[in-house]
**Q** 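Handing you this structure, nothing more for now.
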Amino acid sequence: MGDNVNENNNGNGGFEGTNSPIVSATIIADNFEFKPVMFQMINNNGLFGGMPSDEPLSHLRSFNQKCDNFKQRGMTADSFRLRLFPYTLQGKARDWFKSFPSDSITTWEELREKILKRFFPPTLNANLRNFITSFRQMDGESLWEVWERWNNLLRKCPTHQLPDDVKVETFYHGLDA
């Protein structure tokens, strides 16, 4: 056979490089299918496009929360996440995902790390950490609003590595007295 033909024909129509980047786990079930409600929840949450305004950590958290609402008989939670996650991507993020070689991603943790490495690089982490350490209350902002904004900023950067006492001190010093 020619160079482009997979002699094992592993469900890819006989052409190498046409499988998903995710290695399909064995499913121990007679009948497997994603339910339409799963896709509705994904679409209602919004797709991740990999744009600078998109928040990969928030997307991953939300996706995990949604997945925790479903159990698939004969399938591990990680396998379920791996199979469903590509449907949450669009645009730049989808193109990035499709650029991986066939069958190159084997675990949910591996996929999660790749997403964060690509869409939450160390420079973004450093910028968010700088926003945290230079945090200031805005003019006319209530204590409740500033507290909410502070917590949102901390959630956006869970790898800030600031001890609790430094966080409290930074927040306190950022308040208008």
Side-chain angles (χ1 to χ4, degrees), residues 20-23 25 34 38-71 76-101 104-177:
S20 168
I22 295 173
V23 173
F34 285 127
M38 296 173 190
F39 294 108
Q40 287 174 323
M41 288 179 77
I42 287 170
N43 287 328
N44 289 343
N45 184 56
L47 302 177
F48 181 75
M51 302 306 290
S53 60
D54 290 341
E55 296 179 11
L57 287 168
S58 176
H59 183 75
L60 288 168
R61 271 192 208 109
S62 178
F63 176 73
N64 279 329
Q65 287 173 336
K66 286 179 181 32
C67 286
D68 288 344
N69 291 306
F70 298 100
K71 299 290 183 223
T76 66
D78 279 2
S79 294
F80 180 77
R81 283 179 171 83
L82 277 171
R83 283 205 177 208
L84 189 59
F85 190 77
Y87 297 102
T88 72
L89 303 175
Q90 69 179 352
K92 183 178 169 182
R94 184 144 186 88
D95 292 342
W96 165 82
F97 174 77
K98 289 177 4 183
S99 73
F100 286 103
S104 62
I105 300 170
T106 58
T107 66
W108 170 246
E109 186 58 31
E110 181 182 357
L111 178 56
R112 186 184 161 285
E113 287 175 14
K114 287 179 183 295
I115 292 162
L116 292 177
K117 184 176 181 183
R118 171 61 181 91
F119 297 106
F120 196 79
T123 54
L124 178 57
N125 187 61
N127 287 340
L128 287 171
R129 193 170 193 276
N130 285 339
F131 285 136
I132 291 169
T133 57
S134 62
F135 185 81
R136 296 288 177 263
Q137 184 175 9
M138 292 190 238
D139 289 338
E141 192 174 31
S142 72
L143 182 58
W144 175 252
E145 291 168 328
V146 73
W147 178 247
E148 196 170 69
R149 189 167 57 87
W150 170 255
N151 283 308
N152 283 334
L153 188 56
L154 292 176
R155 265 191 298 280
K156 286 180 182 180
C157 186
T159 56
H160 55 68
Q161 298 176 332
L162 295 173
D164 286 345
D165 59 331
V166 172
K167 288 189 294 190
V168 169
E169 186 177 320
T170 303
F171 177 77
Y172 176 77
H173 287 294
L175 296 175
D176 287 341

**Q** How long is the span from the CZ atom in F97 to the CZ atom in R118, to the nearest 0.5 Å?
**A** 14.5 Å
**Q** Pair D78, R83 - check salt bridge (Lys or Arg N to Asp or Glu O under 4.0 Å), show working.
**A** CA-CA 9 Å; D78 279 2; R83 283 205 177 208; over 6 Å; no
**Q** Within this structure, what is the NZ-CG distance for the pair K167 and L154, rounded to the nearest 0.5 Å?
**A** 5.5 Å
**Q** Using modelled atom types only, decide if a donor and an acceptor are shared between the side chain of T133 and the backbone of N130 within a distance under 3.5 Å.
**A** yes
**Q** Counting heavy atoms not belonging to F135, are there more than 12 under 6.0 Å from its CZ?
**A** yes
**Q** If we ignore angles and hydrogens, is there a donor and acceptor under 3.5 Å between the side chains of R149 and N152?
**A** no
**Q** Any donor-acceptor pair under 3.5 Å linking the side-chain atoms of S62 with those of Q65?
**A** no
**Q** Which label fits F63 and F85: parallel for a plane angle under 30°, tilted from 30 to 60°, or perpendicular past 60°?
**A** perpendicular
**Q** Spell out, as yes or no, whether a donor-acceptor pair under 3.5 Å connects the side chain of R94 to the backbone of P86.
**A** yes
**Q** Assign the ring pair W150 / F171 to parallel, tilted or perpendicular, where the plane angle (0 to 90°) is split at 30° and 60°.
**A** tilted
**Q** Find out whether W96 and K114 are in side-chain contact, i.e. whether some heavy atom of one side chain is under 4.5 Å from a heavy atom of the other.
**A** yes
**Q** Would the number of heavy atoms belonging to other residues, nucleotides or ligands and lying under 6.0 Å from CD of Q161 be above 12?
**A** no
**Q** Can you name the salt bridge (Lys or Arg N to Asp or Glu O under 4.0 Å) partners of K66, sequence neighbours left out?
**A** none
**Q** Which atom pair, heavy atoms only, marks the closest approach of G49 to D54?
**A** N-OD2, 3.0 Å
**Q** Around atom CZ of F131, are there more than 12 heavy atoms of other residues, nucleotides or ligands at under 6.0 Å?
**A** no
